[in-house]
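Working notes, structure below.
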Amino acid sequence: MPELPEVETVCRGLSAVMTGERLALVQNHRANLRIALPDGFAARLTGRRVQKLERRAKYILARLDDGLIWLIHLGMSGRMSILPKGHNQPPLSKHDHVVFEMGSGVQVRFNDARRFGLMTFIEGDPDQHPLLKDIGPEPLGGDFTGPVLAAALKGKKTPIKSALLDQTVVAGIGNIYACEALYRAAISPKRSSHLVQGERADKLVAAVKDVLREAIAVGGSTLRDHKQPSGELGYFQHHFAAYDREGGICQVCAAAKHPKSPLIKRMVQAGRSTFYCAVHQR
DNA sequence: ACGAGAACCTGTTTGC
DNA sequence: TGCAAACAGGTTCTCG
């Protein structure tokens, strides 16, 4: 489900109720997520105070007061929900795999129907952890520039759409924002990666940053699973120009008064749907 | 070494 | 209506 903007939204939501709070009670109702929960998962978290929550790529890292890092990935369908303090908590639903009770009385539930998500612990430097060590630059950071992207794409023959999904090229982009960024940058998703250099790379970097910032500002995109931890939906799906808009008119071409008024097309690349305009994306 | 495709798992939508 | 196939925001393994 979640790409960078959705994970960022979840991270901020959790941060509001977890930062500085103690994990008073942790219960896991199902241990076989994508990676089995580590031995003693609940026991190692219980009693710990959460010092800080941060996002890296599509991961959430929670720093605990004993130095341990609690690593969370939401996979495709993972969701965190916050239930305010109260005695009328709704019953656990089928895929509520882990429940966290904070010292404040607030409850946080991790729900993940498809179980592609994971939770584990990192001891020591998170940048050296196998799940994180090969991940590329954060797209919203100063390290992600046109020349940096161009260098990462040099010699790559895979289509640029697939390269954007490659977390070693750039962190946090998934299927929605890869489509949207290419659409905005007017680059064909089929274009061979090594041909995205110079000005094209600059343009793509700018498009990636813009679309991610805009999406974060409205709480990410809700297609089916994503909710902000508060329960509120994301709203960026209303701003999609390409993703999930097969057959819709291309607004870029319409604005340019293109005589053919082209429609958004859908194709499959590396097993994932790509939505694009075959006219203005070259 | 690289890239494409399958696999992981469940739920929902689409098509015959 | 009913059932099967296709599809879904991700990652990782296998195979050619």
Side-chain angles (χ1 to χ4, degrees), chain A residues 1-11 29-37 55-60 71-80 93-97 110-120 129-136 139 152-182 189-195 208 211-212 215-216 218-229 233-240 242-247 266-275:
Chain A
M1 135 204 155
E3 305 181 34
L4 186 152
E6 291 76 36
V7 178
E8 179 66 29
T9 299
V10 170
C11 187
H29 301 280
R30 175 146 208 169
N32 60 334
L33 306 178
R34 174 154 65 90
I35 298 175
L37 289 179
R55 182 195 55 73
R56 168 76 174 117
K58 298 170 193 169
Y59 291 89
I60 294 169
L71 184 73
I72 302 166
H73 193 288
L74 300 175
M76 202 80 132
S77 55
R79 183 192 284 181
M80 289 283 190
S93 65
K94 189 174 172 187
H95 299 295
D96 284 340
H97 304 314
F110 171 66
N111 182 289
D112 183 10
R114 296 177 72 180
R115 304 204 308 283
F116 290 166
L118 70 86
M119 289 191 188
T120 191
H129 189 274
L131 289 170
L132 303 178
K133 66 181 172 56
D134 296 323
I135 293 178
L153 297 175
K154 206 172 171 190
K156 265 196 173 309
K157 287 198 292 203
T158 198
I160 185 63
K161 159 73 182 327
S162 300
L164 286 177
L165 298 180
D166 180 348
Q167 301 297 296
T168 70
V169 170
V170 55
I173 298 177
N175 206 35
I176 293 175
Y177 301 103
C179 292
E180 293 294 319
L182 288 167
K190 299 180 197 174
R191 175 172 284 273
S192 189
S193 295
H194 72 277
L195 297 177
V208 163
V211 74
L212 294 178
I216 290 169
V218 295
S221 303
T222 295
L223 264 52
R224 42 187 69 75
D225 295 313
H226 172 64
K227 279 188 184 171
Q228 306 190 38
L233 304 178
Y235 292 96
F236 194 71
Q237 65 280 8
H238 303 302
H239 301 262
F240 290 168
Y243 185 83
D244 210 16
R245 293 201 61 244
E246 183 182 15
R266 174 184 176 272
M267 67 176 165
V268 175
Q269 291 179 292
R272 320 289 304 274
S273 287
T274 300
F275 299 88

Contacts of type side-chain contact (heavy atoms from CB on, under 4.5 Å), residue A:His194, not counting sequence neighbours: A:Ser192
Those residues that, when tested against A:Arg56, pass salt bridge (charged side-chain N to carboxylate O under 4.0 Å, His left out) (two or more places apart): A:Glu138
Between C1' of C:dT11 and CG of A:Leu131, the distance in whole Å: 10 Å
Side-chain donor-acceptor pairs under 3.5 Å in residues 30-37 of chain A, sequence neighbours left out?
| residue | atom | partner | partner atom | Å |
| --- | --- | --- | --- | --- |
| A:Arg30 | NE | A:Asn32 | OD1 | 2.8 |
| A:Arg34 | NE | A:Phe116 | O | 2.9 |

Non-neighbouring partners of A:Ala242 that pass side-chain contact (heavy atoms from CB on, under 4.5 Å), sequence neighbours left out: A:Glu180, A:Tyr183, A:Phe275
Between the protein and nucleotides 14-16 of chain C, which nitrogen or oxygen pairs come in under 3.5 angstrom?
none

Interatomic distance, A:Leu132 CG vs C:dT11 P [rounded to whole Å]: 11 Å
Side chain of A:Arg266 - closest among C:dT12, C:dG10, C:dC7: C:dC7
Helical stems, DNA chain B - three or more consecutive Watson-Crick or G-U wobble pairs below 3.5 Å: B:2-8 with C:10-16, B:10-16 with C:2-8
Pairs meeting criterion salt bridge (Lys or Arg N to Asp or Glu O under 4.0 Å) with involvement of residues 155-165 of chain A, two or more places apart: A:Lys156-A:Asp166
Listed pairs, N/O of protein and of nucleotides 1-3 of chain B, under 3.5 Å:
| residue | atom | partner | partner atom | Å |
| --- | --- | --- | --- | --- |
| B:dG3 | OP1 | A:Lys157 | N | 3.0 |
| B:dG3 | OP1 | A:Thr158 | N | 3.4 |

Sugar-phosphate only, base, or nothing, as touched by A:Gly174 at under 4.0 Å among non-hydrogen atoms: sugar-phosphate
Residue list, side-chain contact (heavy atoms from CB on, under 4.5 Å) with A:Gln237, at least two apart or on another chain: A:Ser221, A:Thr222, A:Leu223, A:Phe240
All N/O contacts under 3.5 Å from nucleotides 14-16 of chain B to the protein, with atom names and distances to one decimal?
none

Please tabulate the protein-to-nucleotide N/O contacts below 3.5 Å involving nucleotides 11-13 of chain B, giving atom names and distances.
| residue | atom | partner | partner atom | Å |
| --- | --- | --- | --- | --- |
| B:dG11 | OP1 | A:Lys94 | NZ | 3.1 |
| B:dG11 | OP1 | A:His95 | NE2 | 2.7 |

By side-chain contact (heavy atoms from CB on, under 4.5 Å) - contacts of A:Pro159 (at least two apart): A:Ser162, A:Gln269
